Amino acid sequence: MAGSKTYYLTTPIYYVNDVPHIGHAYTTLACDVLARFMRLDGYDVKFLTGTDEHGQKVEKSAQAAGVDPQAFTDRVSQNFRDLVGVMDYSNDDFIRTTEPRHVASVQALWTRLVEAGDIYLGSYAGWYSVRDEAFYGTDELRDGPNGKKIAPTGAECEWVEEPSYFFRLSAWQDRLLAFYDANPDFILPPGKRNEVVAFVKGGLQDLSVSRTTFKWGIPVPGDDAHIMYVWLDALTNYITAVGYPQTEGGEFAKYWPADLHMVGKDILRFHAVYWPAFLMAAGLQPPKRVFAHGWWTIEGQKMSKSLGNVIAPETLVKTYGLDQTRYFLLREVPFGNDGDFSHAAMVRRINSELANDYGNLVQRVLSMIGKNCGAQVPQPGPFTEADEALLGRARALLGTLRAEIGVQAFHKALDAVWAVVGDANRYVDEQAPWALKKTDPARMATVLYVLAETIRHLAILTQPVMPAASSRILDQLALGPDARGFDRLGQGGALVPGTALPAPQGVFPRYVEEPKT
RNA sequence: GGCAGCGUAGCUCAGUGGUAGAGCAGGGGAAUCAUAAUCCCUUGGUCGGGGGUUCAAAUCCCUCCGCUGCUACCA
């Protein structure tokens with residue numbers, strides 16, 4: 001399988017100055033599910049995440065903490081590495097922008113861009129607010145006393161001019177538009193694509209890509225007075241991780257261009273405009289897709305430190321369980337849209353869909369097999385039309401999921417799986433194996449076999465979203481590690497009658513509210 | 001302001017010209033294998049307001065109201 005089909009996907013690198021919250025967890029979760037799905041489907045997957053560790057804010061935070069920036073980032077980036085364990089992410093690499101491999105990569109890319117004539121030295125001038133650490137456009141400012149300009153934030157601005165290197169972004173407008181046109185799925189969802197195209201059509205200015213006002217960053221080759229613009233630094237991580245500047249052979253040849261950059265909607269432009277332009281200028285291929293997902297609100301309110309409603313991923317996992325949390329985040333909201341997290345919705349999903357629909361289906365079937373079939377995979381007789389119908393729907397799921405996961409429609413993929421869960425529950429009621437037990441034990445065995453085989457399909461297919469629970473179900477079907485890939489779906493990997501099965505155990509407990517004190 | 005999108009059952013949403021749909025919530029019933037889980041039936045909407053095109057509009061056009069996103073160098 002290795003060497004044939006590859007899939008390279010990335011999360012953004014997270015800014016170490018932030019504390020990990022549900023939003024970070026969500027982005028990486030989506031990638032993790034995709035990565036697991038593709039691996040099970042036989043792809044050679046590389047799944048990358050990491051931390052963005054340069055910039056003025058980090059420099060200041062380190063200063064405030066009284067430590068040097070490197071020691072500071074060593075400490076805070078651990079928060080994000082810990083998140084990997086909390087959420088059971090299966091990333092293959094964790095990159096940090098302070099690593100030597102990345103510094104070398106960024107400087108190589110810079111040099112390449114200079115050689116290509118796309119970077120030149122100019123000067124950046126504008127109205128700067130020292131208090132806000134930001135430049136403002138003339139149209140944003142109002143006149144204050146003594147001819148001062150006042151920013152929207154109320155801060156006084158002064159005219160500042162500093163030398164800066166520029167990237168010739170303006171030269172790439174037409175080529176970017178041609179690229180979007182030739183690759184209609186480069187930006188998803190479609191609404192976001194339209195925004196980006198409109199933005200680029202509106203005209204592009206050259207981009208200031210160096211700074212001289214602080215030091216914590218990667219020095220510009222040959223001009224140590226400048227450090228590189230954080231986005232040029234940060235975006236390059238995606239090629240650093242596959243070995244850039246080594247582009248011949250190795251991981252770069254194997255994995256680039258990336259199949260997917262998953263990003264939050266707030267950083268779409270950097271990935272969908274600047275990044276392809278940088279890459280094309282360097283003679284490299286742009287990624288195949290950038291997907292911009294939405295944001296979460298909490299109980300209907302925007303997440304914010306001042307409201308005190310920021311949810312740490314650990315809290316969710318401790319309160320509801322890891323698989324439950326992973327399921328909820330991908331099931332509750334059409335992927336790409338904004339969504340709301342609420343306790344009530346979470347409990348509804350856990351109890352109705354996981355415990356009652358899926359968990360109880362597994363339990364009722366395995367329990368009947370345990371009691372009535374000698375705790376072995378039952379021996380089926382001839383299949384009826386109803387049997388074939390259910391098996392057919394279970395076997396058709398893979399095709400559906402490939403299509404939905406292929407466009408990052410996680411909610412639709414799960415919806416399709418639960419449609420079969422519903423079919424299976426209806427089938428149990430219609431076939432009533434508990435009645436067949438007395439009238440036609442052979443038919444009962446067939447019905448239970450069909451159900452066990454259906455559950456096998458469901459559990460194999462829910463592995464990417466709920467690895468632990470799915471694994472426990474597969475354990476209960478006595479399926480070993482080599483019997484859990486998508487290549488085993490369908491008749492080829494069918495359960496073997498007579499195989500001994502362990503005693504069934506519940507996999508999805510109901511969420512019971514703590515009694516009020 | 002400009003551009004784009006949205007407004008459909010209590011809630012979340014699907015439905016782009018031909019007798020209004022799903023899930024959840026609410027009501028009734030069946031069954032009893034199972035985590036009192038499951039299954040069946042059912043209440044419920046002048047499809048944001050108004051106007052127009054059409055034999056026929058949630059679906060096309062105009063307009064009004066409300067909401068959201070984008071409108072570059074803070075990440």
Side-chain angles (χ1 to χ4, degrees), chain A residues 12-18 52 54-58 124 126 129 132-137 139 153 164 166-167 169-170 189-211 229-234 264-270 273-274 292 294-295 331-334 337-340 342 344-345 348-372 411-412 415 418-419 421-422 424-437 444 447-448 451 504-512:
Chain A
I13 46 175
Y14 302 113
Y15 203 56
V16 284
N17 225 31
D18 297 333
D52 179 9
H54 291 128
Q56 189 165 26
K57 281 187 187 172
V58 171
Y124 189 76
S129 157
D132 299 341
E133 294 172 11
F135 282 92
Y136 291 97
D139 51 341
T153 57
S164 171
F166 283 83
F167 174 74
L169 185 64
S170 58
K192 295 295 176 197
R193 169 199 158 82
N194 295 339
E195 288 180 6
V196 170
V197 171
F199 171 78
V200 174
K201 276 187 177 157
L204 296 172
Q205 297 172 20
D206 288 351
L207 188 67
S208 166
V209 289
S210 74
R211 297 287 186 272
Y229 173 52
V230 284
W231 274 105
L232 181 56
D233 172 347
K265 62 182 183 179
D266 52 325
I267 56 172
L268 175 60
R269 176 187 304 151
F270 304 101
V273 180
Y274 302 171
W295 285 359
R331 179 68 189 89
E332 178 69 2
V333 176
N337 291 6
D338 289 347
D340 182 56
S342 75
R348 210 179 302 128
R349 296 277 182 198
I350 288 175
N351 286 347
S352 173
E353 293 170 13
L354 294 181
N356 296 356
D357 292 343
Y358 188 24
N360 184 55
L361 169 70
V362 173
Q363 182 79 352
R364 68 198 301 209
V365 169
L366 293 181
S367 170
M368 279 188 276
I369 290 175
K371 288 176 188 168
N372 304 311
H411 60 297
K412 287 189 185 173
D415 197 50
W418 256 254
V421 170
N425 271 320
R426 271 184 288 282
Y427 174 88
V428 177
D429 277 52
E430 285 161 9
Q431 301 298 324
W434 52 90
L436 293 169
K437 177 182 173 184
M444 176 198 72
V447 167
L448 292 177
L451 284 164
Q505 279 186 320
V507 168
F508 294 109
R510 291 177 61 79
Y511 182 91
V512 181

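Sequence lines set the chain letters: A, B, ... in the order given, protein chains first and strands last, and positions in each chain run from 1. In this text the structure is predicted, and so the values were computed from the model without any measurement.
- Separating the C1' atom of B:A37 from that of B:G7 is a span of 38 Å, rounded to the nearest Å.
- Evaluation of the ring pair (Phe, Tyr, Trp, His ring centres under 6.0 Å) rule for A:Tyr274 yields A:Phe270 as partners, not counting sequence neighbours.
- Across all strands shown, the partner of B:G26 is B:U42, judged by Watson-Crick or G-U wobble contacts whose two distances both fall under 3.5 Å.
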> Where along nucleotides 29-34 of chain B does protein come under 4.0 Å, by heavy atom, of base (B) or sugar-phosphate alone (S), with - for untouched nucleotides?
Replying inline: --SSBB
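- In this structure, A:Asn17 CG and A:Lys57 NZ are separated by 7.0 Å, a value rounded to the nearest 0.5 Å.
- Comparing atom distances between the A:Arg348 side chain and each of B:A75, B:U35, B:C24 picks out B:C24 as nearest.
- For the P atom pair drawn from B:A20 and B:A9, the interatomic distance equals 15 Å after rounding to whole Å.
- Residues A:Asn351 and A:Pro334 each lie close to RNA chain B; by heavy-atom proximity, the contact nearer the 5' end of the strand is made by A:Pro334.
- Side-chain proximity of A:Arg211 to the nucleotides B:C24, B:C73, B:U35 is greatest for B:C73.
- Side-chain N or O atoms of A:Tyr15 include one that pairs as donor or acceptor with a backbone N or O of A:His54 at under 3.5 Å.
- Mapping A:Tyr274 and A:Ile267 onto RNA chain B by nearest heavy atom places A:Tyr274 closer to the 5' end of the strand.
- In this structure, of B:A75, B:A72, B:C24, it is B:A72 that holds the atom nearest to the side chain of A:Gln205.
- Here the side chain of A:Glu195 is nearest to one of B:A37, B:C73, B:G69, namely B:G69.
- With B:C74, B:A72, B:C39 as the choices, the nucleotide that has an atom nearest any side-chain atom of A:Leu204 turns out to be B:A72.
- B:A4 is paired with B:U68 under the Watson-Crick or G-U wobble criterion, all donor-acceptor distances under 3.5 Å.
- Remark: the separation of the C1' atoms in B:C6 and B:A58 is 14 Å, to the nearest Å.
- Taking the P atoms as reference points, B:G23 lies 25 Å from B:G17, given to the whole Å.
- Nearest nucleotide to the A:Val230 side chain, out of B:A72, B:C24, B:A75: B:A75.
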